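Since the model is a prediction, treat every value here as computed from it, not as a measurement. In listed order, ligands and their atoms are each counted from 1.
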Amino acid sequence: MGKIYIIDVTNRDGVQTAKLGLSKLEKTMINLYLNEMGVFQSEFGFPTTHHEKYYLAANLELSRTGVLQPIRLEGWMRAIAEDVETCFKQVPDIKHLNLSISTSDQMITGKFLGKKGKRDIVNMMVEAVDAARAHGAETVGVNAEDGSRTSLDFLLEFGLAAREHGADRLRYCDTLGYDSPFTIYETAKALAENVGLPIEIHCHGDLGMAVANSVAGAKGVIDGGQDAYINTTVNGIGERAGNADLVAVLLALTKAKGIGGQYQLGCEMDLSKSWRIARFASYAFGVPIPINQPGVGANAFAHASGIHADGVLKDPENYELYSFEELGRGEPEFVETGREICTGRYGGISGFRHVMGEIMGEEALRFHDAEEAERVLELVRYANVLAQKPLVEDELLFIAKYPDIAQKLLTMTPLDY
Ligand SMILES: [Zn+2]
C-alpha cells in the first residue's frame, strides 16, 4: 500500500499571498521547523527570482552540512525550459524542482489567449523536464495548474508525457478550490491508476474544503496504487482563502474516522512541534491564529459550558479527540511586564549581550571575543531591518550559531544586470 508524504509550500504559495511576506531569515526558520517536524519536502522558494538567490543557496548549504536534513528543498518555477535554464544559472546546486503550467481550457483560452494550444502546453512542459534532467535534477515534479477544471483525458495525456520524459511526480492542483472530496477522490485515483506516477494533491480553501479534499485526494491516490503527496502551508496561509493547513492535515491523517491508523505516513512526523511552528508563522506573517483553528487555536482545548466542562474534567476524551500535549502545548509562556531590554537595528553591544545572556545563559559568554559578538550583533541589526519586527529567540540563536549562513541570508545584492 502506498504511503502519504507532506510537501509544505509555505515558502512558495504562502509567501505569494497578497499583502503578506516573509524575510529570508523567516523563510529559513520555517524550513528548520518543518525539518524538525519530519516534513518530507519544503517548496523553499523561487529559483528564478533574483532576490531569492542568496537565500536559496544558503539553505542548500544548510542541507549539505546536515543542518537541514533529512528534509528535501525544492524550487518552484514555470514549466518552460527558459525558467529551468535561469534556475540552474542562479542556483546551480539545486537538486529538486517542481515545474508548473496551466492545463485547463479556461486558462488556455483565458490566460494564453489562444496563442497556445494543448499540444504547446505538453511540449513546453516536456522541454522543461528535459532541461531539468539535462542539468542533473534529482527529482522533477510536474504541476497541472487548474487541474480541477481540466478534462481527465488531457490530465492523463499531460501526466503520461511527463512520465515518459522522466518526471518523478505529477501535481494535481485544485488551484481555485473547486473540487469536493468526492470529485478529487475519483480524479486522483484515476490519475494514479493510469499515469503510473506518485501524485501530489494541491488544494485551496475557496469552498472551505482544502483539508478534506487533500485527505480524500490522497486516499484516491493510494487506492489507485501510488504514493500520495499532500501540499500544505503553515496555518493554511495561502492565496485568497488559503491552502490546506499543515497541522489540520496531519491531525486528519492520524485521527480521523476511517483514516487514522488506516493509512501510513511516509515520514515519521513529530506533532509536538505543531504549536511552535504555528506560533512562529503567525508572528512572522503578522496574521493571528484564528481562535477556532484545529489544534493550535486558542479555543482548541477550551471548555466553558457546564456539560462539556464537567465531562472533560471527568475524562478529557469525553470532549477532546486528542490532547494538547501531543501538539506541544501546555508549557507556561512568560510575558515580560516589567523592564525589558531589546536588541535590534539601533541596538548596542551591552543590550545585545544582556538579551543573548537571557536566552543562552552561560553560552552567551562563549563568543570568542568582542569582535565575534559585534559581528553577530551587526547581523541581528540587519535581520531586524529586513523583518521590520523584533527577532524571536530561535532567530537570535540561529544567527549566533550560523553567522556565515546568516550573512548570506541577509545579502540582497541588486540584480546581476
Ligand atoms: Zn496554490
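- To the nearest 0.5 Å, atom CD of residue Q16 and atom CH2 of residue W76 are 5.5 Å apart.
- Checked by atom type, the side-chain pair H135/E85 shows a donor-acceptor distance below 3.5 Å.
- A salt bridge links E326 with K255; the closest basic N to acidic carboxylate O contact falls under 4.0 Å.
- Taking CD of Q226 as the reference point, atom CD of E193 lies at 10.0 Å (rounded to 0.5 Å).
- Under the side chain to side chain donor-acceptor pair (under 3.5 Å) rule, Y172 has a single partner from T150, N143, N231, D179, which is D179.
- Only protein N, O or S atoms were scored, and 3 of them lie under 2.8 Å from the Zn ion (ligand 1).
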Let's go through D223 and K189 carefully: what are the C-alpha distance in whole Å and the side-chain angles of both, what is the deciding distance for salt bridge (Lys or Arg N to Asp or Glu O under 4.0 Å) to 0.1 Å, and is it a yes or a no?
CA-CA 6 Å; D223 293 353; K189 186 161 178 265; over 6 Å; no
